[in-house]
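Inspection log for the structure reproduced underneath, given as structure tokens.
Quick caveat: nothing in here was measured; it's all calculated off a predicted structure.
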Amino acid sequence: MSEIPTQKGLAPAYYAPKAGGWRRDIVALLHPPYTAWHLSYVLIGASLAPSFDMVRLAATLVAFFCAVGISAHALDELHGRPLRTEIPSAVLGVAAVAGLAGAIVLGLIGMTKLGIGLLPFIALGVLFVAAYNLELMGGRMHGDFWFALSWGAFPVLTAYFAQAGTLSIAALLAAAAGYALSFGQRGLSTPARTLRRRTREVEGTLTLDDSSRIELNEAVLLRPLELALRAFSWGVVALAIGMVLSRVL
């Protein structure tokens with residue numbers, strides 16, 4: 001596979017190497033910092049539960065990695081090739097189906113321990129992956145609200161339920177925090193994606209009070225957006241790992 005730069009020579013995402021063949025494509029497809037960020041909500045939800053089981057946590061974590069890290073991202077790339085990878089469509093399709101199937105199987109296994117109460121979480125997970133990433137129903141579920149609900153609040157609630165078999169006020173408040181963080185993430189990542197993937201040229205000048213000027217270009221506009229995204233991604237991951245360690249050490 002060859003290098004696939006944007007029109008300006010920018011990679012389609014700050015974490016995607018501009019060259020590297022199939023390795024570059026896989027890294028871009030998995031969205032490592034964002035996937036880790038959203039998997040962190042699984043750790044947070046599980047850590048808040050009154051009982052804590054590492055096996056259940058591991059199963060929940062793998063299920064969300066299959067659904068979000070693999071299936072959702074493969075479907076997203078199939079729908080318009082936003083990352084401009086050269087991964088064959090057939091491979092993306094198999095990855096999407098296999099990832100979602102793996103998550104469903106793990107959920108069904110979990111039902112043998114938690115009962116029928118886990119079924120709505122499995123059904124919602126399938127709905128979120130398919131409807132959001134394929135922009136079904138005219139794209140009604142492809143927006144900031146649904147992103148934050150699907151990949152922020154939902155993992156917290158599911159992981160808590162997988163541990164406790166019920167929900168609580170604490171879980172709902174943590175889910176609201178996950179929703180807010182994910183909503184903010186979209187507020188930063190949407191303009192960053194627009195600059196990297198859809199912008200042909202940037203022109204303009206900022207004139208400051210002291211009459212000095214800052215010439216605007218893609219790098220100037222991207223820097224504060226992606227600096228914040230980088231900070232939030234590792235910050236949420238660190239918080240989540242700390243919460244898990246507080247339960248096991």
Side-chain angles (χ1 to χ4, degrees), residues 30-73 98-129 132 145-186 229-249:
L30 291 178
H31 301 272
Y34 293 160
T35 297
W37 185 340
H38 293 288
L39 290 180
S40 294
Y41 296 133
V42 173
L43 302 182
I44 290 170
S47 298
L48 288 172
S51 58
F52 185 81
D53 187 299
M54 281 296 295
V55 174
R56 292 188 183 188
L57 172 58
T60 310
L61 202 62
V62 172
F64 269 92
F65 176 76
C66 289
V68 180
I70 298 175
S71 184
H73 292 155
L100 193 57
I104 293 171
V105 168
L106 285 168
L108 294 176
I109 293 172
M111 284 180 60
T112 65
K113 302 291 185 180
L114 292 163
I116 197 70
L118 191 59
L119 185 59
F121 292 92
I122 299 172
L124 281 174
V126 173
L127 174 65
F128 289 151
V129 168
Y132 180 84
F145 171 84
W146 290 104
F147 176 87
L149 180 65
S150 303
W151 313 133
F154 182 65
V156 175
L157 295 175
T158 304
Y160 187 99
F161 187 89
Q163 295 289 330
T166 187
L167 295 177
S168 68
I169 297 298
L172 294 174
L173 289 173
Y179 176 94
L181 285 167
S182 297
F183 198 90
Q185 176 189 348
R186 282 277 292 191
L229 287 167
R230 285 185 174 96
F232 286 134
S233 64
W234 72 257
V236 174
V237 170
L239 171 64
I241 293 173
M243 291 181 67
V244 170
L245 291 178
S246 74
R247 297 299 303 269
V248 300
L249 296 181

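- In this structure, the side chain of S47 does not engage the main chain of S246 through any donor-acceptor pair within 3.5 Å.
- The ring of F147 has its center closer than 6.0 angstrom to the ring center of H38.
- Atom CZ of F232 has 12 or fewer heavy atoms from other residues, nucleotides or ligands within 6.0 Å.
- Classified by interplanar angle (parallel below 30°, tilted 30° to 60°, perpendicular above 60°), the ring pair W146/F128 is tilted.
- Remark: L173 pairs with I169 by the side chain to side chain contact (heavy atoms under 4.5 Å, CB included) rule, at least two apart or across chains.
- Residues S168 and Y160 have side chains in contact (heavy-atom distance under 4.5 Å, counting atoms from C-beta outward).
- Nearest heavy atom pair, residue A46 against residue L57, reads CB-CD1, 3.6 Å.
- Between A174 and V156, the shortest heavy-atom distance links the atoms CB-CG1, 3.8 Å.
- Using modelled atom types, no side-chain atom of S40 and backbone atom of A240 make a donor-acceptor pair closer than 3.5 Å.
- Rounding to the nearest 0.5 Å gives a distance of 5.5 Å between CG of L229 and CH2 of W37.
- To the nearest 0.5 Å, atoms CG (L172) and CG (L48) are separated by 11.0 Å.
- When all heavy atoms of V236 and Y41 are compared, the closest pair comes out as CG1-CE2, 4.1 Å.
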> For F65 and V42, what are the C-alpha separation, side-chain angles and deciding distance, and is it a side-chain contact (heavy atoms from CB on, under 4.5 Å)?
Replying inline: CA-CA 10 Å; F65 176 76; V42 173; over 6 Å; no
>> With side-chain contact (heavy atoms from CB on, under 4.5 Å) as the criterion, how do Y132 and L127 come out once you've worked through the C-alpha distance, each side chain's angles and the decisive distance to 0.1 Å?
In response: CA-CA 8 Å; Y132 180 84; L127 174 65; over 6 Å; no
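- Across V248 and F52, no two heavy atoms sit closer than the pair CG1-CE2, 3.4 Å.
- Listed for the T112 side chain is a donor-acceptor partner under 3.5 Å among the backbone atoms of I109.
- Here CG of D53 is found 9.0 Å from NZ of K113. Values are rounded to the nearest 0.5 Å.
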> Between W151 and Y34, does a side-chain contact (heavy atoms from CB on, under 4.5 Å) hold up when you go through it step by step?
Replying inline: CA-CA 10 Å; W151 313 133; Y34 293 160; over 6 Å; no
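- The two atoms that bring T60 and A162 nearest to each other are OG1-CB, 3.6 Å, heavy atoms only.
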>> Evaluate L39 against L61 for side-chain contact (heavy atoms from CB on, under 4.5 Å), listing each step before the verdict.
In response: CA-CA 7 Å; L39 290 180; L61 202 62; 4.0 Å; yes
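- Counting only distance, with no hydrogens or angles, the side chain of S233 and the backbone of R230 share a donor-acceptor pair below 3.5 Å.
- Closest heavy-atom contact between F161 and L114: O-CD2, 3.8 Å.
- At distances below 3.5 Å, not a single donor-acceptor pair connects side-chain atoms of R56 with backbone N or O atoms of A164.
- The structure places CG of L30 at 7.0 Å from CD1 of I70, a figure rounded to the nearest 0.5 Å.
- Put simply, CG on L106 and SG on C66 are 6.5 Å apart, with the number rounded to the nearest 0.5 Å.
- Atom CG of L239 sits about 9.5 Å away from atom CG of L43, to the nearest 0.5 Å.
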